[in-house]
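Working notes, structure below.
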Amino acid sequence: MAVNDQVITNRYAIYNGDAVDVLRSIPDGKIHLSIYSPPFTTPTGGLYNYSSSDRDLSNCHRLKCFSSIMISS
């Protein structure tokens, strides 16, 4: 799991990392709250691009692209 930092207690776990990698590594039914930085729109209506990486969800312009990154095994 690509985690930059983490805090784990007997009540909660906080992971700071790539959401695609971190979410895939956590078993089903174990996530009760997820906070992440989704792509947001620019003043001209386009998506703000964090990077040119294919894994950067802000580069997805269709649901199919987003799904292929988040759901692929």
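Below, each value reflects all heavy atoms present in this structure, side chains not excepted, and no hydrogens, waters or symmetry copies. All residue numbers refer to positions in the sequence shown, counting from 1.
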same_hphob_cluster(I31, V22) at 4.5 Å side-chain heavy-atom cutoff: yes
Derivation and outcome, side chain to side chain contact (heavy atoms under 4.5 Å, CB included), residues Y15 and I26: CA-CA 11 Å; Y15 300 99; I26 299 173; 4.1 Å; yes
Partner set under side chain to side chain contact (heavy atoms under 4.5 Å, CB included) for N4, not counting sequence neighbours: N16
Pairwise distance CD1(I14) to OG1(T9) - rounded to 0.5 angstrom: 8.0 Å
Partners meeting side chain to side chain contact (heavy atoms under 4.5 Å, CB included) with L33 (sequence neighbours left out): I35
